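Shown next, in structure tokens, is the structure this report addresses.
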Amino acid sequence: GAVVSQHPSRVICKSGTSVKIECRSLDFQATTMFWYRQFPKKSLMLMATSNEGSKATYEQGVEKDKFLINHASLTLSTLTVTSAHPEDSSFYICSASDGHRGITGELFFGEGSRLTVL
Amino acid sequence: TQLLEQSPQFLSIQEGENLTVYCNSSSVFSSLQWYRQEPGEGPVLLVTVVTGGEVKKLKRLTFQFGDARKDSSLHITAAQPGDTGLYLCAAFLQGGYTGANSKLTFGKGITLSVRP
């Protein structure tokens with residue numbers, strides 16, 4: 001299957017700083033990438049849909065100025081958590097699609113990035 | 001309101017036991033997916049079911065899509081510690097998968113622990 005890689009896998013930062021998480025599709029071009037947030041033992045909550053070359057579409061309740069998403073190329077999307085606070089601590093996961101998955105669709109997920117804000 | 005209801009939420013069993021878990025909804029889906037996620041990792045797709053009544057097998061895992069395409073079950077035979085993880089069902093809403101922008105919605109997941 002296709003490979004999606006996230007970096008860093010773990011990051012610890014001080015409150016008030018900004019953190020950037022990268023999501024790369026390694027062997028296919030991802031026209032669309034999705035960013036999810038997951039709390040411990042909870043399901044994945046979609047934060048935003050990222051399309052290459054255009055502005056991301058954010059889900060209701062997600063602050064776009066807080067979670068900056070840039071999808072500058074067909075293989076890279078970044079999520080920047082600005083002015084991080086302890087409540088932003090979470091597991092952030094990206095997924096990618098090349099849009100050629102027939103009627104069933106298949107998303108490939110990154111390994112996730114654990115953010116801890118002190 | 002949770003569109004995809006998964007049950008039970010938590011399950012702890014002994015190695016060698018069989019189990020069945022469920023994913024239910026009042027909505028009809030064109031397809032439904034099951035993922036397994038291990039701690040600290042992203043979800044990995046196990047199977048996609050498309051046809052009502054469809055049964056798919058993946059080694060000791062048997063997936064079934066309900067006849068009305070509103071629900072699905074996952075049966076594990078002779079569970080092993082390696083089956084431990086979070087099992088998530090997911091579906092594309094609003095008419096199903098229509099292209100790259102289709103959003104996948106997840107259930108809350110079933111945390112399975114298999115004791116050696």
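Since this is a predicted model, take the numbers as computed values, not measurements. Below, read A as the first sequence line, B as the second, and so on, with proteins coming before strands; counting in each chain starts at 1.
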Is the closest side-chain heavy-atom distance between Thr105(B) and Leu46(A) below 4.5 Å? no
Kindly compute the distance separating CG (Leu45(B)) from CZ (Phe108(A)), expressed to the nearest 0.5 Å. 8.0 Å
Name, in order of residue number, those residues of residues 59-85 of chain A that have a heavy atom at a distance of less than 4.5 Å from a heavy atom in chain B; otherwise write 'none'. Glu59(A)
For the atom pair CG (Leu88(B)) and CD (Gln38(A)), what is the distance rounded to the nearest 0.5 Å? 7.0 Å
Under 4.5 Å from any heavy atom of chain B - which part of Ile93(A): side chain
Do the non-hydrogen side-chain atoms of Leu44(A) and Tyr35(B) ever get within less than 4.5 Å of each other? no
Please check if atom NZ in Lys56(B) has more than 12 non-hydrogen atoms from other residues, nucleotides or ligands closer than 6.0 Å. yes
Check this for me: Arg10(A), atom CZ, are more than 12 non-hydrogen atoms of other residues, nucleotides or ligands nearer than 6.0 Å? no
Given side chains that start at C-beta, do those of Phe91(A) and Gln37(B) come closer than 4.5 Å, heavy atoms only? yes
Nearest 0.5 Å, what's the NZ-CE distance between Lys108(B) and Met45(A)? 10.0 Å
About how many Å separate CG of Leu104(B) and OH of Tyr36(A), when rounded to the nearest 0.5 Å? 5.0 Å
Within the side chain of Ser43(A), is there an N or O that forms a donor-acceptor pair under 3.5 Å with the backbone of Gly109(B)? no
